[in-house]
2 protein chains.
Amino acid sequence: MGTSERKQRERDEREQLFLDTAEQMIASDGIIQLQMAKLAKACDYATGTLYQHFTSREDLLVALAARHSAQHLQMFQQIIALPVSSRDKMFAISVAERDFRKHNPTHAKLSQYIFTEAVWENASACRREQVLQCGQPIAALVCGIVQQAIDDGSLVANGCSAMELAIAPWALCQGSHTLEQTSGLLEAFAVPRHDMQQYRHMHMLLNGMGWQPLVDVSDMAQIKTRVAALSVLLNI
Amino acid sequence: MGTSERKQRERDEREQLFLDTAEQMIASDGIIQLQMAKLAKACDYATGTLYQHFTSREDLLVALAARHSAQHLQMFQQIIALPVSSRDKMFAISVAERDFRKHNPTHAKLSQYIFTEAVWENASACRREQVLQCGQPIAALVCGIVQQAIDDGSLVANGCSAMELAIAPWALCQGSHTLEQTSGLLEAFAVPRHDMQQYRHMHMLLNGMGWQPLVDVSDMAQIKTRVAALSVLLNI
DNA sequence: TGCGAATTATGAATCAGATTCAAAAAATGA
DNA sequence: TCATTTTTTGAATCTGATTCATAATTCGCA
């Protein structure tokens, strides 16, 4: 009926309010500082009301991550529509990913944090499901790029499934970000933090996969140009 | 003087006892279940005594991770002494790494957890330092392998420092483990969890770096054989 | 060996903050 | 309008980390 529909909408809006506010609070004070009572008060609701949406603090964090994943997906969807080679699409994924993280430091921290035993296990099963569900179309989409490459002959599968192949760039991307994010790690080892470096590594991997057309990894200028071009296409 | 030396030793032993016990407790009940009071009692000490060693629960976790890093280093040191090509050494790193994680699930979880803002920021500066210090020789060692490869001509640097190049396999390794570890992620996407898959990805990357001698990534049997051979050399 | 000072250990008390739940308020609907 | 159901409230509860006054131990010295 109409009434209950409106009610549901209001409830959803309230949930978004909680999430928006939590996001702001995390952005300004960090994850640890986020307190349930403070958050509720900041939204002009009682603590108990907050718990009607999220079964626990961890549940809230996972919900936040799930929402980010949705934006994430949207960004990736742009990519498949791009008028570029499959290899460039895959590369664009890593460019977009990096940009997304740069503009969403909260997401970067959260995505590291929520998969931690301490958080993951304390979130409700349904929120966890939600995160994984959001990931699914992303994975499908990346797989699609690989499949396209296999189909048009620019990548030889060698008996691997598209997913198995997609894992490689995914892992490299993930690992690069983990290293970069890990406080003090690269600094401690005096690794110059050069944006392009990571892109070069990705091209090395894609070359190693035999993904055509190969890119000359010694030509940083060209890599830079390509990144710039993709950035424009993605308007970032 | 002799007396204070013994005292220091006893103190160190007690610290190890705390860490050993914490490790067991984590192994059997998980990180979240680790409670300071329980741990102290399990070691027959008062809670306050535990706090004389670790400034906080997080500090204890970081200390534990630092200890793991030391074992880690030891394992890697074996590798540089191996009578194999530099490429095989680098590959051996990923084999050893994977084995280490398989046999130390606690380490795997911890190393993900401690670098989380919530933990890292709450550990004492000196513990954090300790973790990074342990990492340093590991990094140096891996760099050494890259440098050796550059020197003997099996790898072309193209103006990159050894460290910059070393980051690539490091990131891939790291990322693979993160993906694998992340509860439910690969399952959710129906990715078959095949040990060798990861090794193939590493060879793709090393090939893409132009690291000689190149490996035929379509020949899984050969990769498998090489892993087996390295496992024997490392006796794992 | 005995004694006071200095150091260390103890664990009950404190504190922070997440979570709950009985009571109050609001919505529903007859 | 009023009884019933649903939702909101926030003070009380609970958990577990951390502290700190007190007790125990060790030390240096006569």
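We name chains A, B, ... by the order of the sequence lines, and we start the count at 1 in each one. The analysis underlying the following values was restricted to heavy atoms, covering all of them including side chains, and did not include hydrogens, waters or symmetry mates.
Residue A:Ser56 places its side chain closer to C:dT19 than to any other of C:dT19, D:dT18, C:dT8. In this structure, the nucleotide among D:dG10, D:dT19, C:dA9 sitting nearest to the side chain of B:Tyr51 is D:dT19. For B:Gln52, the listed nucleotide lying nearest its side chain is C:dT8; candidates were C:dT8, C:dT20, D:dT18. Comparing C:dA18, C:dT8, C:dT10 against the side chain of B:Lys7 picks out C:dT8 as the nearest.
With rounding to whole Å, A:Glu58 atom CD is found 12 Å from C:dG17 atom C1'. Counting to the nearest Å, the C1' atom of D:dT26 and the CD atom of B:Gln8 are 16 Å from each other. One interatomic measurement links the two molecules: CZ of B:Arg57 to P of D:dT18, which rounds to 8 Å at whole-angstrom precision. Straight-line distance from the OH atom of B:Tyr45 to the P atom of D:dT18: 21 Å, rounded to whole Å. To the nearest angstrom, P of D:dT19 lies 12 Å from CG of B:Asp59. The CG-P distance, from A:Leu60 to C:dG17, rounds to 16 Å in whole Å.
Listed here is the closest heavy atom pair of B:Ser69 and B:Cys134: CB-CB, 3.4 Å.
Under a 3.5 Å cut-off, the side chain of B:Arg128 and the backbone N or O of B:Ala123 do form a donor-acceptor pair.
Near DNA chain C, defined here as any heavy-atom distance below 4.0 Å, the residues from residues 9-17 of chain B are B:Arg14, listed numerically. Within residues 21-42 of chain A, the residues approached by DNA chain C to less than 4.0 Å at the level of any non-hydrogen atom are A:Leu34, A:Gln35, A:Met36, in residue-number order.
Side-chain contact of A:Gln52 with A:Arg11: a donor-acceptor pair under 3.5 Å is absent, judged by distance alone. In this model, no donor atom of one side chain and acceptor atom of the other lie less than 3.5 Å apart for A:His177 and A:Gln112. For A:Asp12 and A:Gln16, the side-chain atoms include no donor-acceptor pair closer than 3.5 Å.
B:Leu234 contributes atom CG, which lies 13.0 Å from atom CZ of B:Phe100 (distance to the nearest 0.5 angstrom).
A salt bridge is absent between B:Arg200 and A:Glu164; no separation between the charged side-chain nitrogens and carboxylate oxygens falls under 4.0 Å. Salt bridge A:Glu10/A:Arg14: absent, no basic N to carboxylate O contact under 4.0 Å. A salt bridge is absent between A:Arg101 and A:Glu180; no separation between the charged side-chain nitrogens and carboxylate oxygens falls under 4.0 Å.
Between B:Thr47 and C:dG11, a side-chain N or O to OP1/OP2 separation shorter than 4.0 Å is absent. Distances shown here put a side-chain N or O of B:Thr49 below 4.0 Å from the OP1 or OP2 atom of C:dT10.
Aromatic ring orientation, A:His107 versus A:His68: perpendicular (interplanar angle above 60°, classes split at 30° and 60°).
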*Would B:Asp195 and B:Lys102 count as a salt bridge (Lys or Arg N to Asp or Glu O under 4.0 Å) if you check the C-alpha gap in whole Å, the side-chain angles of each, and the deciding distance to 0.1 Å?*
CA-CA 11 Å; B:Asp195 261 25; B:Lys102 192 184 291 181; 3.5 Å; yes
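Annotation: A:His203 is not in aromatic contact with A:Tyr199 [ring centroid separation under 6.0 Å not met].
Each end of the helix from C:dT1-D:dA30 to C:dA30-D:dT1 gets its own rotation axis from five pairs of C1' atoms, and the angle between them is 0° to the nearest 10 degrees.
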